[in-house]
Amino acid sequence: MSGGVGSGRIAADRMRQLLRTYLVLGSPNCRDHPLRVLEAALDGGVTLVQFREKGPGALTGEPLRALAAQLLAACRRRGVPFLVNDDVELALAIHADGVHVGQEDEAAARVRARIGDRILGVSAHTFAEAEAAVRHGADYLGIGPIYPTASKADAKAPQGPAILRELRDRGITLPLVGIGGITVETARDVIRAGADGVAVISAITLADDVRQAAAQLYATTDAGTSTT
Ligand code: FQP
Ligand code: MG
């Protein structure tokens with residue numbers, strides 16, 4: 001796992017593997033207790049987890065911290081790294097494996113200085129944002145929204161998988177994960193366009209069978225076995 005004393009920044013190849021099936025979740029996204037949803041998703045094979053407590057009824061204060069610690073512990077039991085969205089303070093308090101920040105959050109370079117070698121993910125919507133995030137010390141970029149999404153109230157216009165191809169063509173080699181409205185039906189297209197993996201909320205958290213949904217996404221995102 002990243003961030004151990006003296007272990008240095010995560011290697012790009014390891015980061016690519018972790019991005020394969022990336023679950024983003026918080027209590028507003030879950031019909032069941034988030035811990036139960038997370039456990040089922042881990043059973044299904046998710047490779048990385050981001051705690052994103054946003055939306056109607058989002059927890060704050062001590063209940064927020066307690067849930068984060070509980071979800072982190074579940075990930076630790078399975079050896080799956082656990083990142084915190086936006087909240088660097090919370091990430092440091094619970095000793096999370098990293099942080100994900102967007103363009104309107106604390107500046108990436110500042111977050112890098114605060115978190116040391118922990119994993120830093122940065123959202124980018126354009127080549128200019130991607131290029132800047134690379135310079136500011138991101139370990140991976142979250143690119144989206146690829147498709148329309150209901151999970152983020154202030155989401156920008158969907159860009160389609162073509163944005164990933166554009167970033168690759170223009171020389172971005174950092175690990176990339178697509179996010180926004182991705183389903184088991186479209187995950188393959190996102191990988192083919194140049195992503196190392198897919199990040200999803202509802203495709204897993206709102207599935208009738210969470211474990212199966214995670215397993216299907218994992219099976220679909222194997223970058224090495226494309227047959228088309
Ligand atoms: N990509 C990823 C992931 N996670 C995210 N949370 C975002 C993009 C979006 O700050 P941001 O980040 O634009 O919005 P919010 O804080 O509401 O999520 F890493 F998973 F690809
Ligand atoms: Mg954010």
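Order of appearance sets the numbers: ligands from 1, and atoms from 1 within every ligand.
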What's the shortest distance from [atom] to any protein heavy atom, and which residue and atom give it?
atom: atom 21 (F) of ligand 1; answer: V177 CG1, 3.1 Å
atom: atom 18 (O) of ligand 1; answer: R52 NE, 2.7 Å
atom: atom 7 (C) of ligand 1; answer: S123 OG, 3.3 Å

Relative to the heavy atoms of [X], which atoms of ligand 1 are at a distance of less than 4.0 Å?
X: G102; value: 10 (O), 11 (P)
X: K54; value: 15 (P), 16 (O), 17 (O)
X: Y140; value: 19 (F)
X: D105; value: 10 (O)
X: Q50; value: 2 (C), 3 (C), 4 (N), 5 (C), 6 (N), 19 (F), 20 (F)
X: N85; value: 6 (N), 15 (P), 16 (O), 18 (O)
X: A199; value: 20 (F), 21 (F)
X: Y22; value: 3 (C), 19 (F), 20 (F)

From the N, O or S atoms in D86, identify the one nearest to the Mg ion (ligand 2). OD1

NZ/NE/NH1/NH2 to OD/OE distance under 4.0 Å, [X] and [Y]:
X: D43; Y: R78; value: yes
X: D196; Y: R168; value: yes
X: R114; Y: E89; value: yes
X: K54; Y: D87; value: no

Should the ring pair F82 and F51 be called parallel, tilted or perpendicular, given that the plane angle runs from 0 to 90° and is split at 30 and 60?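 Rings of F82 and F51: parallel, under 30°.
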
Would D105 count as a contact for the Mg ion (ligand 2), in the sense that one of its N, O or S atoms lies under 2.8 Å from it?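 True for D105.
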
Could you tell me whether the side chains of T47 and Q17 share a donor-acceptor contact shorter than 3.5 Å?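 Side-chain D/A pair, T47 to Q17: absent.
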
Answer whether the closest heavy-atom distance between the side chains of R118 and L92 falls below 4.5 Å. yes

Is the side chain of E53 donor-acceptor paired with the backbone N or O of S27 at a distance under 3.5 Å, no angle test?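 Checked: pair present.
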
